[in-house]
Amino acid sequence: MRNSSSTPSVSSRRSFLAASGVALTGLAGSAAGQPPAAPPPRPAAPSGVPDKGPQIGDDHRGPCVIASGNGPNATARAFEVMSAGVDPSEAVVAGVKLVEDDPNDTSVGYGGLPNEEGVVELDASVMHGPTHKAGAVAGLRNIKNPAAVALRVLQRTDHVLLVGDGALRFARAQGFKEENLLTPESHAAWLRWRESMGADDWLNPEERDWPRPGRKSLEEFLAEEQRQSRVPGDGEPIPFTWGTIHCSAVNASGDVGSCTTTSGLSWKIPGRVGDSPIVGAGMYCENAVGAAGSTGRGESLIVNCGAFSIVQFMASGMSPTQACLAALKRIADNTLEKRLRNERGRPNFNASVYALRKDGAYGGACLYPGGSFAVTTSDGVTKVHPCVPLFDAM
Ligand code: GLY
């Protein structure tokens, strides 16, 4: 699973920028001649939200793309596309496509972990700052790139959210190709999960008499014979994810766009929809303020209007990191169900959130250490940074 990678990754797009004549030094002098408003002074943190001091991204100005930690390739690609003049809302869709197409990311698109019936169901949303319009799909089957379908909802319909069979029929009508989204690895992981449930008719490895002692199984024989890629065996751990990719961008004119795409909670009840396609939960933007998005336990982000809260906190003058921490504090304070709290009364799950202000300042925060975010800054350099944790430990 690569949805929570914290390995630093750096790539330079300077040569591209030099070739394309993109300004490297912030928003001033943008082609559209609409420099974003000066950043507000840094206010004191609201009650109960720890003031973690100055953070990476506070002082950044100019074009920028931010994503969850699994998205350094996505931010680099989105920045490249945006620098060529493409709208930020379309650029982020081009960026996340790389992760949707990647069979090794088990939280998004092709290779995403399926629902409890072994069927991959994808959620995605996109928002366009200048028109404040959004498009989204939920529970979409058989289409590898739900973010691109969400963009078509935004651009070619009067609606915001299409679900299930209606979303699939719309995607077909728009010319998207249907394909099997299970990889051999995600199918094998689902089988291991299904067989581990116990107390039903699916036999787990201990309950089975196969393969026979000293015998090679037919499956192993065929795998060797066909030289197939290795599929995880029975003894390997069962993966689990709420993983997702979020990506937001601001261009030199201060226009913002935002996108989140996911296969959602692994082994979910068919039809379960997370925060990712919910405008204001998994992503949100306002062109006068900035953009935000989330990854992690979707149910908690929905009931706390996660991404909307972050943008509102930025509108009140908080830095992107402060705004993220304030939204996470709201989630922690509103986690009241006993089964979701640990012995310290804190959430027993993690969530990460990301924010990008109109002037280019950016930041990311998580409930507990472990989250990370990718960013491509105005100099075209891509890096992965740790999110600032609200709490130091669970
Ligand atoms: N954040 C992704 C989900 O809960 O579906």
Side-chain angles (χ1 to χ4, degrees), residues 1-5 66-71 74 92 96 99-100 105-116 119-127 136-141 146-147 149-150 161 163-164 167 181 186 190 239-248 258-284 291-310 324 327-328 330-331 334-335 337 339-340 347-355 364-368 370-373 387:
M1 228 178 354
R2 293 192 353 204
N3 54 310
S4 57
S5 163
I66 190 170
S68 39
N70 54 343
V92 289
V96 300
V99 185
E100 290 176 331
D105 192 312
T106 58
S107 67
V108 179
Y110 178 58
L113 295 176
N115 67 19
E116 67 181 13
V119 179
V120 180
E121 290 183 330
L122 304 178
D123 299 338
S125 59
V126 190
M127 196 156 181
V137 290
L140 179 64
R141 299 180 174 197
V149 183
L161 175 60
V163 305
L181 302 182
S186 61
W190 173 77
F240 172 82
T241 183
W242 271 304
T244 298
I245 179 164
H246 165 73
C247 188
S248 282
S258 198
C259 173
T260 300
T261 173
T262 188
S263 52
L265 174 68
S266 42
W267 330 131
K268 61 194 172 188
I269 297 174
R272 178 266 187 188
V273 172
D275 57 316
S276 304
I278 307 297
V279 176
M283 64 96 231
Y284 182 73
S294 57
T295 60
R297 197 186 125 75
E299 284 72 7
S300 298
L301 290 149
I302 292 172
V303 295
N304 288 287
C305 301
F308 178 80
S309 298
I310 295 166
C324 288
L328 291 168
R330 174 176 282 175
I331 290 174
N334 286 332
T335 301
E337 286 179 85
R339 71 190 172 86
L340 295 175
N348 59 15
F349 55 87
N350 208 350
S352 298
V353 291
Y354 319 92
C366 47
L367 281 169
Y368 301 108
S372 59
F373 67 89
C387 287

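Note that ligands are numbered from 1 as they come in the structure, with each ligand's atoms numbered from 1 the same way.
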- Query: Near Thr244, which atoms of ligand 1 are under 4.0 Å from a heavy atom of that residue?
  - Reply: 1 (N), 2 (C)

- Start with the C-alpha distance between Glu116 and Arg272, add both sets of side-chain angles, then the distance that settles salt bridge (Lys or Arg N to Asp or Glu O under 4.0 Å), and finish with yes or no. CA-CA 10 Å; Glu116 67 181 13; Arg272 178 266 187 188; over 6 Å; no

- For Gly296, atoms of ligand 1 separated by under 4.0 Å from a heavy atom: 1 (N), 2 (C), 3 (C), 4 (O)

- Message: Any non-hydrogen side-chain atom of Leu122 less than 4.5 Å from a side-chain atom of Leu181?
- Response: yes

- Query: Can you tell if the side chain of Tyr368 reaches within under 4.5 Å of the side chain of Pro347, non-hydrogen atoms only?
  - Reply: yes

- Query: Got a sec, which residues hit side chain to side chain donor-acceptor pair (under 3.5 Å) with Asn334, two or more places apart in sequence or on another chain?
  - Reply: Asn304

- Message: Please check whether Gly298 reaches ligand 1 - meaning an N/O of the residue sits under 3.5 Å from an N/O of the ligand, judged on distance alone.
- Response: yes

- Task: Taking side chain to side chain donor-acceptor pair (under 3.5 Å) as the test, write out the residues that go with Glu121, two or more places apart.
- Result: Arg141

- Which part of Arg272 is near ligand 1, with near meaning a heavy atom under 4.0 Å away: side chain, backbone, both or neither? side chain

- Item | Region of Asp123 engaging ligand 1 - heavy atom pairs below 4.0 Å | neither

- Message: Residue-level breakdown please: for Ser276 versus ligand 1, do any non-hydrogen atoms fall below 4.0 Å on the side chain, on the backbone, on both, or on neither?
- Response: side chain

- Message: Under 3.5 Å between any N/O of Gly274 and any N/O of ligand 1: does that happen in this structure?
- Response: no

- Item | Heavy-atom side-chain contact between Leu113 and Trp190 under 4.5 Å | no

- Message: Looking only at distances, can you tell me whether any N or O atom of Asp275, backbone or side chain, sits closer than 3.5 Å to an N or O atom of ligand 1?
- Response: yes

- Task: Side-chain contact test, heavy atoms from C-beta onward, threshold under 4.5 Å: evaluate it for Tyr354 versus Ile310 and give yes or no.
- Result: no

- Message: Closer than 4.0 Å to some heavy atom of Leu265 - which atoms of ligand 1 meet that?
- Response: 5 (O)

- Message: List ligand 1 atoms under 4.0 Å from Gly264, heavy atoms only on the residue side.
- Response: 5 (O)

